Amino acid sequence: MRPALAALLAALALIPRPVAAQQDFAAPATAPEPSLLDPGTLAAPPTLTPAAPPAPPSLPERLTEVPGTWDLSRDGTNRRCVMTLRSEVGEAGQRISFPAGCRRALPIVGGVAGWLFSDRGVRLVDRNVRPILEFVRRPDQRSLVAKTEGGETYSLVPLDIAAMRPAASAAPDIAGIETAPAPSAFQTAPAVPAELQRSPTATATAAPGPAPGVYALDRFQERDTCRITLDGSGGGVHVVPGCHDGGLEVFDPVRWRYANGRMTLTAKRGHTIDLVPTDDGRWRREPEVGTTFVLRRVD
């Protein structure tokens with residue numbers, strides 16, 4: 001019987017078992033890995049913050065972009081002069097003109113007879129083309145600075161120059177550039193005490209926007225040199241008659257708006273300046289260069 005039993009057991013082993021029975025003895029199945037094609041498993045793309053629009057060009061890159069009006073000031077004082085750098089060639093470089101009062105405000109300009117453009121900077125030269133003030137670019141790329149051997153520092157800020165105008169890049173040569181009236185001394189503004197300064201990254205929620213009304217322009221130790229009216233809802237700007245600030249009159253602001261914690265004034269020719277709030281409710285120019293410029297509401 002034993003050989004017969006062994007033969008029977010061998011025959012049974014050759015019979016295929018049902019699938020269900022095989023699965024009873026299979027190892028527990030692991031959960032499938034998520035498919036890369038499953039939309040639910042894809043990571044959400046990072047949210048991109050839109051980049052701020054680039055600031056319009058304000059400093060010249062070539063000779064043909066220099067002509068126009070500039071604000072020259074001695075840092076740390078209220079001494080300033082709005083001058084015109086012309087396109088015509090004179091006896092000492094390119095021609096330059098400025099009011100007679102500039103010699104009283106800034107005696108150093110008494111010997112200036114012309115200007116030159118070199119290394120993306122501007123030189124004010126005497127009749128023998130020797131440099132009197134050699135201006136180079138500041139790191140903020142919004143103004144030029146020069147230092148004398150005596151330690152005095154001067155700022156040269158573009159108000160309305162060929163580089164700011166849309167057609168500047170297409171100018172074929174310097175003879176075809178027209179000089180424009182000087183825009184605002186607005187474009188100039190120097191140091192304000194640290195306790196009045198506010199971070200330039202302040203947002204619109206950090207401080208209320210400027211209220212419509214009449215604002216006075218203060219400069220360094222001079223107060224109420226000019227007044228402007230801001231219309232409601234970021235509208236028009238009007239210079240009040242009797243303004244005694246030549247720079248502001250030439251800048252000729254026509255519109256204003258408030259966004260991201262900054263008030264922006266736009267000139268008739270299209271260039272702009274930004275102002276940020278101070279802790280006492282005034283508005284100062286940002287960045288700060290040249291003579292102090294602050295707006296305060298008076299009505």
Side-chain angles (χ1 to χ4, degrees), residues 51-75 80-87 93-98 106 109 112 114-125 131-148 153-174 176-191 200 247-248 250-253 262 264-276 284-291 293:
S58 59
L59 292 183
E61 296 287 342
R62 54 185 65 87
L63 178 65
T64 54
E65 297 177 344
V66 177
T69 50
W70 296 73
D71 189 281
L72 173 67
S73 63
R74 179 179 169 185
D75 290 4
R80 54 186 294 271
C81 168
V82 176
M83 56 177 49
T84 301
L85 305 188
R86 301 190 175 278
S87 58
Q94 309 298 129
R95 293 186 181 275
I96 188 171
S97 60
F98 44 82
L106 297 170
V109 306
V112 173
W115 65 272
L116 300 172
F117 184 71
S118 176
D119 298 327
R120 299 168 71 214
V122 173
R123 294 180 182 178
L124 302 185
V125 299
I132 294 178
L133 289 173
E134 296 189 66
F135 288 94
V136 297
R137 296 183 172 220
R138 275 194 169 94
D140 63 10
Q141 300 295 307
R142 301 291 292 275
S143 64
L144 304 176
V145 62
K147 293 185 178 181
T148 66
T153 302
Y154 291 83
S155 292
L156 190 63
V157 180
L159 298 180
D160 182 21
I161 64 173
M164 295 176 172
R165 304 169 204 157
S169 59
D173 55 52
I174 194 167
I177 300 246
E178 295 182 0
T179 50
S184 159
F186 239 2
Q187 204 81 5
T188 66
L248 174 61
V250 178
F251 178 76
D252 196 10
R262 291 174 177 252
T264 300
L265 296 176
T266 303
K268 183 179 294 185
R269 288 182 173 271
H271 45 285
T272 63
I273 62 166
D274 292 331
L275 299 98
V276 294
R284 63 170 177 82
R285 183 177 180 271
E286 174 69 21
E288 297 177 285
V289 292
T291 55
F293 163 68

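Bear in mind that the values here come from a model prediction, so they are computed numbers and not experimental data. Throughout, residue positions are numbered sequentially from 1 according to the sequence presented.
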Kindly determine whether T69 and D160 satisfy side chain to side chain donor-acceptor pair (under 3.5 Å), including the steps that lead there. CA-CA 5 Å; T69 50; D160 182 21; 5.1 Å; no

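- The minimum heavy-atom distance linking M83 with F98 is given by the pair CB-CB, 3.7 Å.
- In the displayed structure, R95 atom CZ is contacted under 6.0 Å by at most 12 heavy atoms of other residues, nucleotides or ligands.
- Panel note: side chain Q94, backbone S87; a donor-acceptor pair is recorded below 3.5 Å.
- The shortest heavy-atom contact between A162 and T64 is CB-O, 3.4 Å.
- Residues F135 and Y154 come closest through the heavy atom pair CE2-O, 3.6 Å.
- Atom CH2 in W115 sits 9.0 Å away from atom CD1 in I96 (nearest 0.5 Å).
- Looking at heavy atoms from C-beta onward, L144 lies in side-chain contact with R137 at the 4.5 angstrom threshold.
- Heavy atoms only, all atoms of each residue included: L159 and M164 are closest at O-SD, 3.4 Å.
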Can you list the steps and then say if V125 with V112 is a side-chain contact (heavy atoms from CB on, under 4.5 Å)? CA-CA 5 Å; V125 299; V112 173; over 6 Å; no

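- From E134, atom CD reaches atom NZ of K147 across 14.0 Å, with rounding to the nearest 0.5 Å.
- No donor-acceptor distance shorter than 3.5 angstrom exists from the side chain of W70 to the backbone of I161, with no hydrogens or angles considered.
- L265 places a side-chain heavy atom less than 4.5 Å from the side chain of L275.
- In terms of heavy atoms, D75 sits closest to S155 at OD1-OG, 2.7 Å.
- Proximity of F293 to L248: side-chain heavy atoms (C-beta onward) are nowhere separated by under 4.5 Å.
- R285 and D71 are not joined by a salt bridge, as no carboxylate oxygen comes within less than 4.0 angstrom of a charged side-chain nitrogen.
- I273 has its side chain out of reach of T264: every pair of non-hydrogen atoms, C-beta onward, lies at least 4.5 Å apart.
- Taking all atoms of both residues into account, the shortest heavy-atom contact from L72 to L133 is CD1-CD1, 4.4 Å.
- The CG atom of L63 lies 9.0 Å from the CG atom of L116; values are rounded to the nearest 0.5 Å.
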